[in-house]
Amino acid sequence: MNIVEQVQQQLKEAIGAAVAKSAFADAGELPEVMIETPKNKENGDYATNIAMQLTKIAKKPPRAIADDIVGNLDTDSTPIRSVDIAGPGFINITLKPDYLGDVVKDILGKGEDFGRSDAGQGEKVQVEFVSANPTGDLHLGHARGASLGDSLCNVMDFAGFDVSREYYINDAGNQINNLAKSIEARYFQALGREAEMPEDGYHGQDVIDIADALAKEHGDKFVSMPEEERFEWFRKHGLGVELDKLKQDLAAFRVNFDNWFSETTLYEDGKIDTALDKLRQNGHVYEEDGATWFRSTDFGDDKDRVLIKQDGSYTYLLPDIAYHEDKLQRGFDKLINIWGADHHGYIPRMKAAIEALGYDRETLEVLVSQMVQLYKDGEKFKMSKRTGKAVTLRELVDMVGLDATRYFFVMRSGDSQMDFDLDLAVSQSNENPVYYAQYAHARICSILRQADDAGLFASEDHVALLLESEKALDLMRKLGDFPQIVADAAKLRAPHRVATYIHELAASFHTFYSTDKVVDPDNRELSEARLALVTATRTVIANALRLIGVAAPDRM
RNA sequence: GUCCCAGUAGCUCAGCAGGAUAGAGCAACAGCCUUCUAAGCUGUCGGUCGCAGGUUCGAAUCCUGCCUGGGACGCCA
């Protein structure tokens with residue numbers, strides 16, 4: 001437990017005791033004491049609405065209840081300075097700021113671990129994200145999903161969840177056959193022969209590149225190869241190349257997975273049949289019109305879904321169900337899937353499948369990464385000039401830069417559609433919010449370099465001196481918020497909260513910086529205290545940026 | 001037609017497990033560099049929180065209906 005949590009705990013206990021002493025009702029009927037930090041500083045450091053919540057039970061006006069509670073409040077075991085009753089019945093608490101010095105010491109002691117908590121209590125969570133088909137480049141939507149997913153995993157891990165990151169490789173379906181046929185056609189074209197692209201072929205430049213490379217390296221050796229053998233070779237080769245490219249692009253985007261799960265293994269290990277049998281035994285499967293159906297309507301879906309088509313092949317859904325069954329058998333408490341907006345309609349059927357397999361449907365949480373629209377010069381920027389297709393992740397990073405791309409995606413809530421302003425993201429100026437936080441970090445590093453030259457070093461011995469400055473107090477309060485911000489972001493699956501916090505923290509630092517000179521050889525003790533504060537600030541900014549995959553530069 | 005997401009300042013968005021006077025960035029305007037990085041700071045301007053009901057001591061937040069924008073409704077993946 002960190003210092004801030006300890007203080008909050010003390011306050012809750014003291015208020016709880018005062019409420020009990022006021023004897024409005026039996027202990028069992030009393031609501032839990034909740035404390036919050038008021039938006040407006042004038043309303044103290046903490047506030048509780050307990051008096052308003054008790055109006056029904058106590059049958060008295062809230063301000064009178066608050067009076068009773070405050071009268072019974074024992075402040076000896078807490079850092080409370082003063083207590084006020086305000087507004088409709090809030091009890092506002094102002095603290096003696098001394099404990100904030102301990103926050104700085106706490107941060108310096110914990111370093112890159114400051115902000116960690118056990119909020120997740122070791123819950124085993126698997127997050128599956130991106131999972132784009134290995135048939136082409138990652139595009140804009142995948143970039144957002146990757147950004148959200150990776151940041152969420154970092155945040156949840158830091159908040160004490162046991163997180164596993166997984167990428168599901170759709171390497172068994174029809175789309176891979178189409179990839180192989182497309183490569184085949186491009187290969188023949190590369191050799192100057194006539195060849196038709198398949199109807200659902202992949203027309204991207206990447207396929208042409210693969211085929212050209214094959215023609216260059218192997219000449220016409222595949223032309224004489226038996227068709228089936230050639231097809232199989234192209235299939236494996238294409239898959240390998242595409243998959244390598246995905247892995248490289250994601251790694252370059254600072255996104256790494258614990259597990260790359262191949263759909264093909266579901267077939268090889270008989271897991272498709274196992275899942276189908278299980279559904280059948282549970283009585284949720286029937287035959288009709290020559291197809292095999294899943295009665296998903298029993299679990300709230302709009303209509304029943306086909307598992308095996310008339311031609312005997314599987315729909316995408318059946319292996320997907322088998323995949324989720326496999327995940328569940330691996331012992332995760334929670335499965336989080338991050339899907340693009342175009343797949344959100346599949347949530348009900350997947351949840352239905354979870355339930356039909358005998359699990360709690362709430363085990364599966366699907367987060368939807370909404371559409372992204374690029375804007376440039378105030379107009380929609382639709383297509384990549386080079387390929388004529390959607391803008392790829394690689395192109396985006398080339399244009400915008402890695403840090404700005406990651407930051408822009410994660411600073412918005414994933415479940416709202418977003419406009420991505422290319423001009424803003426590209427601009428190396430104060431208009432660009434990503435530099436605001438990075439600049440705070442670089443500024444601190446610069447201060448520390450100069451302090452070092454002056455023979456001044458951070459010291460915890462005089463942190464009490466910091467309490468004199470209102471700007472320093474604000475900054476310390478903000479630093480103390482970090483563990484709770486991370487915990488909330490994890491529980492709410494809302495990594496953008498960390499980005500919002502980073503901005504606030506940077507603002508708090510910049511404000512402090514503008515008035516409180518840190519390095520002052522004529523005032524060594526104050527300098528040492530302030531160096532402790534800015535060192536702590538640097539640590540928290542770096543920790544927070546790390547969670548959202550953005551670099552914390554020493555110089556800018 | 002059904003379902004999902006969104007609608008908050010001129011623009012882009014936070015805030016939504018109910019709380020006090022609804023916030024930030026950009027844009028606009030006015031100041032601040034002989035002093036640790038001006039990618040910064042300070043201030044001003046800017047709002048019927050889509051509309052209408054309801055629940056409540058209290059609603060941007062919860063419920064219902066409607067309007068607008070986007071998406072999804074395949075024996076494609």
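Letters A, B, ... are given to chains in the order of the sequence lines, protein chains preceding strands, and every chain is numbered from 1.
Distance noted for atom P between B/G40 and B/A24: 16 Å (whole Å). Going from the C1' atom of B/G46 to that of B/A28 covers 10 Å, rounded to whole Å. Using C1' as the reference atom, B/A39 and B/C73 are 47 Å apart when rounded to the nearest Å. Only the C1' atoms considered, B/U8 is 14 Å distant from B/C51, to the nearest whole Å. Between the P atoms of B/U21 and B/U61, the separation comes to 16 Å (whole Å).
An anti orientation is assigned to B/C66, its glycosidic angle lying beyond 90° of 0.
A/Asp301 and A/Ser296 share a donor-acceptor pair across their side chains, judged by distance under 3.5 Å alone. Between the side chains of A/Asp474 and A/Ser508, not a single donor N or O lies within less than 3.5 Å of an accepting N or O. Using modelled atom types and a 3.5 Å distance limit, the side chains of A/Asp403 and A/Gln438 yield a donor-acceptor pair. With 3.5 Å as the limit, one finds a donor-acceptor pair spanning the side chains of A/Glu166 and A/Tyr323. For the residue pair A/Thr297/A/Asp304, the side-chain donor-acceptor check at 3.5 Å is satisfied.
Nucleic acid contact for A/Asp554: base, since at least one base atom lies under 4.0 Å from a heavy atom of the residue. Residue A/Thr500 is in sugar-phosphate contact alone, with no base atom involved, counting any heavy-atom pair closer than 4.0 Å across all strands shown. Using a 4.0 Å heavy-atom distance criterion, A/Met418 is classed as a sugar-phosphate-only contact. Using a 4.0 Å heavy-atom cutoff across all strands shown, A/His343 reaches at least one base atom of the nucleic acid. Among the atoms of the strands shown, base atoms are found under 4.0 Å from some heavy atom of A/Gln417. Contact annotation for A/Asn432: no contact, since no heavy-atom pair falls under 4.0 Å across all strands.
Ring stacking holds between A/Phe90 and B/A20, with the centres under 5.5 Å apart and the planes within 30 degrees of each other.
Each of A/Thr515 and A/Tyr314 lies near RNA chain B, and the nucleotide nearest A/Thr515 is the one positioned closer to the 5' end. Mapping A/Tyr513 and A/Pro348 onto RNA chain B by nearest heavy atom places A/Pro348 closer to the 5' end of the strand.
A straight line from CG of A/Asn133 to C1' of B/C76 spans 11 Å, rounded to a whole angstrom.
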